[in-house]
> 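Please read through the structure below; I'll follow up with questions.
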Amino acid sequence: MSTIDQEHKNRIESQAELLKALANPVRLCLLEKLIEEGETSVTDITSCMDVTQSAISQHLRRLKDMDIVECRKDENRNYYSCKREDVRKIIMCLKENV
């Protein structure tokens with residue numbers, strides 16, 4: 001039996017954490033909208049899965065904390081966009097194949 005080196009193990013654990021973050025219907029909906037529409041404010045994406053703006057903000061915060069989305073502040077609004085190409089590819093693959 002071969003052992004997995006630490007770098008390989010860390011990469012696999014990181015990939016599993018990414019998949020956990022994506023394994024939520026609201027977050028998948030948010031990412032799909034951000035990818036399709038580009039940079040978007042929270043108020044413009046509140047239609048995801050019929051949840052409150054507060055819930056949307058919490059999900060966006062989780063995605064931001066995981067470095068999946070980025071936020072730009074403009075006066076009283078926050079604008080979000082997907083910053084990772086690997087996540088874009090995953091979302092588009094899911095959208096095309098499911």
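Position 1 is the first residue of the sequence; numbering continues from there. These numbers come from a predicted model, not from an experiment.
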> List the atom of Val87, the atom of Cys82, and the distance in Å for their closest heavy-atom pair.
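So the minimum-distance heavy-atom pair works out to CG1-SG, 4.0 Å.
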> Please check if any side-chain donor atom of Ser54 sits under 3.5 Å from a side-chain acceptor atom of Thr52, or the reverse.
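Absent: no donor and acceptor within the cut-off.
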> Look up atom CG in Leu28 and atom CG in Leu22, then write down how far apart they are to the nearest 0.5 Å.
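Here the interatomic distance stands at 6.0 Å.
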> Not counting sequence neighbours, which residues clear side-chain contact (heavy atoms from CB on, under 4.5 Å) with Asp86? List them please.
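Checked Asp86 against side-chain contact (heavy atoms from CB on, under 4.5 Å); matches are Leu18, Arg84.
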> Just list the side-chain donor-acceptor pairs under 3.5 Å for residues 55-68, sequence neighbours left out, or say none.
| unit_1 | atom_1 | unit_2 | atom_2 | d |
| --- | --- | --- | --- | --- |
| Ser57 | OG | Gln53 | O | 3.1 |
| His59 | ND1 | Arg27 | NH1 | 3.0 |
| Asp67 | OD1 | Lys83 | NZ | 2.8 |

> Between CG of Asp44 and CD of Glu39, what distance do you get to the nearest 0.5 Å?
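Nearest 0.5 Å value for the CG-CD distance: 10.5 Å.
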> For residues 8-24, which residue pairs qualify under salt bridge (Lys or Arg N to Asp or Glu O under 4.0 Å), counting only residues two or more places apart or in two chains?
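Those involving residues 8-24 are Glu17-Lys20.
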> What is the distance from atom OH of Tyr80 to atom SG of Cys71, rounded to the nearest 0.5 Å?
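Here the rounded value is 4.0 Å.
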> Decide whether Val42 and Val51 are clustered together by the hydrophobic rule: side chain heavy atoms of Ile, Leu, Val, Met, Phe, Trp, Tyr closer than 4.5 Å, transitively.
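Yes: a chain of side-chain contacts under 4.5 Å links Val42 to Val51.
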> Go through the structure and list residues passing salt bridge (Lys or Arg N to Asp or Glu O under 4.0 Å) with Glu36, not counting sequence neighbours.
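Glu36 satisfies salt bridge (Lys or Arg N to Asp or Glu O under 4.0 Å) with Lys95 only.
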> Output yes when a side-chain donor or acceptor of Asp74 lies under 3.5 Å from a complementary backbone atom of Arg77, and no otherwise.
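Not confirmed, Asp74 side chain does not pair with Arg77 backbone.
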> Taking only residues two or more places apart in sequence, or in another chain, which ones meet Glu85 in a salt bridge (Lys or Arg N to Asp or Glu O under 4.0 Å)?
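If we apply the salt bridge (Lys or Arg N to Asp or Glu O under 4.0 Å) test to Glu85, skipping adjacent residues, the hits are Arg88.
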> Any side-chain heavy atom of Leu31 sitting closer than 4.5 Å to one from Val69?
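Yes, close enough: below the 4.5 Å cut-off.
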> Measuring from Glu7:CD to Ile12:CD1, what's the distance to the nearest 0.5 Å?
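The CD atom of Glu7 sits 11.0 Å away from the CD1 atom of Ile12.
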> According to disulfide (SG to SG under 2.5 Å), does anything in residues 3-41 pair up with another residue at least two apart or in another chain? List the pairs.
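Qualifying pairs: Cys29-Cys48.
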> Mind listing the closest non-hydrogen atom pair of Glu32 and Ile91 along with its distance?
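Glu32 and Ile91 have their closest heavy atoms at CA-CG2, 4.0 Å.
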